[in-house]
Amino acid sequence: MTTDILAGVRARIVAALDAAHPGLPPEVRARVDVSVARDPAHGELATNAAMVSAKAAGRKPADLAAALVAGLAGDALIALAAPAGPGFVNLTLHPAVWRAQLPTILRAGEAYGDNAAGQGVRVNVEYVSANPTGPMTVAHARGAVTGDALANLLAKSGFAVTKEFYINDAGNQVQALAWAAYWRYLEALGTTLTEDAFAAAVPGGLQYRGAYLVDVGAALARARGDTLAGPGLTVADPASWLDEVRDFTMAEMLASIHADLDQLGVHQDVFSSERALLASGEVERTIARLADKQLVYRGTLEPPKGKLPDDWEPREQTLFRSTAFGDDVDRPLKKSDGSNTYFANDIGYHAAKAARGAALLIDVWGADHGGYVKRMQAAVNALGDARLEVVLCQIVHVLKGGQPVRMSKRAGTYVTLADLLDEVGRDAVRFTMLTRKSDAQMEFDLDAAVSQTRENPVFYVQYAHARCRSVLRAAAARLDGADLADVGLDSLVHETELALMRRLASWPRTVEAAALAREPHRIAFFLYDLAGDFHTLWNRGRDDAALRFLRDDDLAGTLASVALVAATAVVIRSGLAVMGVDPVEEMR
RNA sequence: GCGCCCUUAGCUCAGAUGGAUAGAGCAGCAGCCUUCUAAGCUGCUGGUCGCUGGUUCGAGUCCAGCAGGGCGCGCCA
């Protein structure tokens with residue numbers, strides 16, 4: 001049978017239902033659910049089978065429930081089945097069923113929880129995708145952690161996952177960045193120009209004034225001396241330096257982003273450059289495909305409702321008919337200077353990802369791009385060779401001492417990822433970022449993230465693992481080479497032990513549900529609950545010597561308890577691996 | 001004005017495909033305790049699930065409307 005006990009029980013319920021009332025339609029059988037009961041008075045599990053099929057069967061829920069109960073008598077897994085409430089059937093399994101999961105877990109190791117829900121579907125998860133114009137911020141950190149954990153989760157659930165980073169290196173902002181770096185370059189050389197005087201010479205003004213470009217300017221000065229500057233360290237003709245400075249700066253920025261991601265433990269498979277994409281002609285080919293479908297036209301958009309921008313005037317543009325695919329208005333593909341909009345390039349990019357084989361595209365974006373979702377999905381649907389889902393990450397407010405943190409040495413107004421890592425470390429960043437649904441705003445409390453209390457999920461879960469490892473180290477001598485996957489487990493009878501085993505058994509279903517919902521935060525909450533079950537059992541051992549894991553007078557019982565501890569450690573590691581957090585062996 | 005997201009205990013938040021008396025941590029209250037190296041532990045208290053309608057045997061969950069908060073709204077990316 002499957003390693004998912006709940007799925008196994010469900011199969012038996014459906015079989016019993018078929019026996020009780022043959023011929024129920026598949027869509028009714030599909031609604032049969034087996035869930036973990038909240039209230040112990042309701043048994044361990046409950047099924048809604050009788051209620052969901054009552055109407056189709058033309059029978060009262062209570063009658064069906066009674067028939068189900070009769071049909072389940074003598075079942076190998078189910079010790080107790082009882083009709084209850086409006087038509088539930090409450091179930092209690094033989095304790096041996098839960099115990100039997102322990103060797104399964106120990107043999108599977110961290111692969112426990114792997115499932116086939118993804119059916120090998122090729123999915124491309126794109127995340128971070130920062131403009132390479134400045135340091136990574138907390139906002140990027142949330143997207144990075146969310147995307148990375150989601151990719152891990154999907155891989156564990158049987159999807160064929162590619163992790164991707166899109167480099168937006170083709171827009172106007174890259175030119176602006178080059179100008180800003182050029183200013184730091186002149187500064188490094190000792191120019192007498194003031195920043196304001198320089199800014200006056202920049203087309204569109206000096207946009208990036210953050211100190212993070214100081215090092216770039218200095219590096220450029222070391223590499224090229226004053227050869228890129230005009231006479232007297234003034235601004236030379238951009239034609240003579242702009243491309244070189246741009247490429248140099250871009251390389252430096254990307255190196256910085258890579259370093260930050262590396263520190264965060266994020267390692268993506270593919271880095272795609274917008275410039276390279278443009279050069280490849282993929283964008284134009286993709287737009288041509290849309291044009292072939294009669295979805296590209298010259299037209300004039302209605303003015304937006306409500307407050308108009310001051311300079312709004314009707315203008316004919318090249319538009320994509322995104323309204324045909326659920327968007328609110330059609331969207332421009334060309335700027336007035338004839339170059340592509342970002343949207344046009346992004347259409348080409350998504351087509352490229354699909355062309356590489358992905359049937360499912362998942363983009364992890366900041367909430368400020370929420371207005372962009374419909375048009376991008378419209379474009380992907382119009383092309384018809386993949387499906388696009390978007391996971392939006394809401395903003396993160398960083399708190400310290402209960403006060404918002406806004407200042408950063410490097411970026412000026414944003415808390416950088418590097419600052420965050422310095423402050424609390426990789427594991428706390430990754431875990432804490434996953435303690436909220438991605439589409440809910442979150443407050444990241446720096447003090448809480450490093451506190452050693454139950455309030456801090458990172459600590460609480462790591463501590464549980466460290467305790468497991470501590471017990472296992474102490475037990476090593478007594479094991480005497482025994483295979484924990486092969487020891488007698490009959491001594492595991494206490495309700496606290498059963499509760500822990502039930503939690504361990506629900507890990508595969510948790511993984512699958514989280515993957516299908518694209519909600520990696522559920523893993524964090526599962527681990528927190530699991531840690532709670534384990535700590536509770538540990539604490540029981542203080543009062544009740546019979547519940548201590550290591551018992552001098554009971555070797556067989558000790559082996560069973562140690563197997564339970566080992567399985568707990570395995571599941572914690574399996575969960576932390578999804579989150580990209582390293583388990584600790586001991587607390588310091 | 002339009003679109004998307006959010007609103008659950010005093011606070012911070014969980015609640016997969018609709019299921020029974022809505023959960024956890026913190027705070028508060030009451031006991032206990034100095035540990036199988038380890039965060040002290042156990043229990044209790046605390047809720048009109050923003051509001052109003054609707055669908056359903058059954059709604060925190062689905063639908064409609066309203067209120068409050070956030071984000072976005074033609075050639076920025």
Side-chain angles (χ1 to χ4, degrees), chain A residues 30-31 33 35 37-39 41-42 46 48 51-52 54-55 60-61 84-88 90 129 131 133 168 170-174 274 300-307 309 312-315 317-319 327-343 345-346 366-374 392 394-395 435-437 439-443 445 448 451-457 459-460 462-464 466-467 470-471 474-475 509-510 512-514 516-517 519 521-522 524-525 528-529 532 535-536 538-543 545 547-551 586-588:
Chain A
R31 290 185 58 204
D33 182 41
S35 57
R38 289 198 201 95
D39 186 339
H42 298 147
N48 61 357
M51 286 184 290
V52 297
K55 186 173 283 182
K60 291 182 182 171
F88 289 99
N90 293 334
S129 298
N131 278 331
T133 53
N168 298 137
N172 296 327
Q173 85 283 356
V174 175
E274 187 179 358
T300 305
L301 291 172
E302 293 294 311
K305 299 281 192 281
K307 278 180 285 188
W312 196 92
E313 57 185 40
R315 196 176 283 123
Q317 304 174 278
T318 299
L319 299 169
D327 200 0
D328 306 315
V329 294
D330 293 338
R331 304 292 179 175
L333 297 172
K334 299 281 184 191
K335 304 180 196 172
S336 55
D337 67 2
S339 64
N340 289 338
T341 58
Y342 179 82
F343 178 50
N345 290 354
D346 218 6
D368 56 342
H369 289 60
Y372 196 74
V373 174
K374 277 187 181 179
L392 291 180
Q394 282 288 345
I395 52 178
T435 57
R436 294 286 180 276
K437 274 181 297 200
D439 56 6
Q441 294 182 30
M442 80 176 294
E443 295 191 338
D445 188 325
S451 74
Q452 303 213 336
T453 69
R454 183 168 188 167
E455 293 172 71
N456 179 10
F459 173 78
Y460 196 61
Q462 291 282 31
Y463 188 22
R467 273 181 157 174
S470 168
V471 171
R509 148 177 290 218
T510 300
E512 183 173 334
L516 294 178
E519 292 186 345
H521 75 278
R522 293 192 200 182
F525 283 94
Y528 185 73
D529 290 340
H535 287 307
T536 296
W538 176 290
N539 291 327
R540 295 276 183 209
R542 295 179 175 182
D543 301 329
L547 285 176
R548 297 193 177 187
F549 302 123
L550 306 179
R551 307 190 286 281
E586 55 187 342
M587 305 305 288
R588 290 183 302 278

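- In this structure, A/D328 places its CG atom 7 Å from P of B/C4, rounding to the nearest Å.
- Considering only side-chain atoms of A/S470, the nucleotide from B/A77, B/U37, B/A39 that sits closest is B/U37.
- To the nearest 0.5 angstrom, A/R436 atom CZ is 6.0 Å from A/F525 atom CZ.
- In the set B/C13, B/A77, B/G70, B/C13 carries the atom at the smallest distance from any side-chain atom of A/F525.
- Taking the side chain as every heavy atom from C-beta outward, A/E274 and A/V174 never approach each other to under 4.5 Å.
- Nucleotides of RNA chain B nearest to A/P332 and A/Y342 differ in position, and the one nearer the 5' end is that of A/P332.
- With C1' as the reference atom, B/G19 and B/A77 are 47 Å apart, rounded to whole Å.
- Here the C1' atom of nucleotide B/G74 and the CG atom of A/D337 are 14 Å apart, to the nearest Å.
- Under the Watson-Crick or G-U wobble criterion, with both distances below 3.5 Å, B/G74 has no partner in any strand shown.
- Atom C1' of B/U45 sits at a distance of 16 Å from the matching atom of B/A24, rounded to the whole Å.
- Rounded to whole Å, the separation between the P atoms of B/C5 and B/C66 comes to 16 Å.
- No contact: A/E512 has no heavy atom under 4.0 Å from any strand.
- Taking the side chain of A/Y372 as heavy atoms from C-beta on, and the options B/A24, B/A77, B/U37, the nearest nucleotide is B/A77.
- B/A14 and B/A9 have their C1' atoms separated by 13 Å, given to the nearest Å.
- Taking 4.0 angstrom as the limit, A/N172 places a side-chain polar atom (N or O) nearer than this to OP1 or OP2 of B/A77.
- The phosphate of B/C13 (OP1 or OP2) has a side-chain N or O of A/R436 nearer than 4.0 angstrom.
- Side-chain proximity of A/D368 to B/G74, B/C36, B/G72: nearest is B/G72.
- Between the P atom of B/G69 and the CD atom of A/E443 lies a distance of 17 Å, rounded to the nearest Å.
- For A/D445 and B/C13, the CG to C1' distance is 14 Å, given to the nearest whole Å.
- To the nearest whole angstrom, the two C1' atoms, one in B/G65 and one in B/C11, are 31 Å apart.
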Could you run down the sub-3.5 Å N/O contacts of the protein with nucleotides 16-22 of chain B?
residue: B/A16; atom: O4'; partner: A/R522; partner atom: NH1; Å: 3.1
residue: B/A16; atom: O4'; partner: A/R522; partner atom: NH2; Å: 3.1
residue: B/A16; atom: N6; partner: A/R509; partner atom: NH1; Å: 2.4
residue: B/U17; atom: O4; partner: A/D33; partner atom: OD1; Å: 2.8
residue: B/U17; atom: O4; partner: A/D33; partner atom: OD2; Å: 2.8
residue: B/A20; atom: OP2; partner: A/R38; partner atom: NH1; Å: 2.7
residue: B/A20; atom: N6; partner: A/N90; partner atom: OD1; Å: 2.4
residue: B/A20; atom: N1; partner: A/N90; partner atom: OD1; Å: 2.9
residue: B/A20; atom: N1; partner: A/N90; partner atom: ND2; Å: 3.2

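- Straight-line distance between the C1' atoms of B/U48 and B/C4: roughly 29 Å, to the nearest whole Å.
- When both pairing distances are held under 3.5 Å, B/C26 makes a Watson-Crick or G-U pair with B/G10.
- Between A/R540 atom CZ and B/U42 atom P the separation is 7 Å, expressed in whole Å.
- In this entry the distance linking CZ of A/R542 with P of B/C41 reads 7 Å, nearest Å.
- The side chain of A/I395 lies closest to B/G70 when the candidates are B/G70, B/A39, B/A77.
- Between A/Y372 and A/Y342, the ring planes are tilted. Angles from 30° to 60° get that label.
- In this structure, A/H535 does not reach the B/C36 phosphate: none of its side-chain N or O atoms is under 4.0 Å from OP1 or OP2.
- Nucleotides B/A67 and B/U52 are separated by 15 Å at their P atoms, to the nearest Å.
- The CD-C1' distance, from A/Q441 to B/C6, rounds to 7 Å in whole Å.
- Taking the side chain of A/N539 as heavy atoms from C-beta on, and the options B/C41, B/A77, B/C5, the nearest nucleotide is B/C41.
- Nearest heavy-atom pair across A/T435 and A/P457 is CG2-CG, 4.1 Å.
- Projected onto RNA chain B by closest heavy-atom contact, A/Y528 and A/D439 fall at different nucleotides, the more 5' of which corresponds to A/D439.
- A distance of 9.5 Å separates CD in A/Q394 from CG in A/D368, rounded to the nearest 0.5 Å.
- B/A22 and B/G31 have their C1' atoms separated by 28 Å, given to the nearest Å.
- The interatomic distance linking A/Y460 (OH) with B/U12 (P) rounds to 22 Å, in whole Å.
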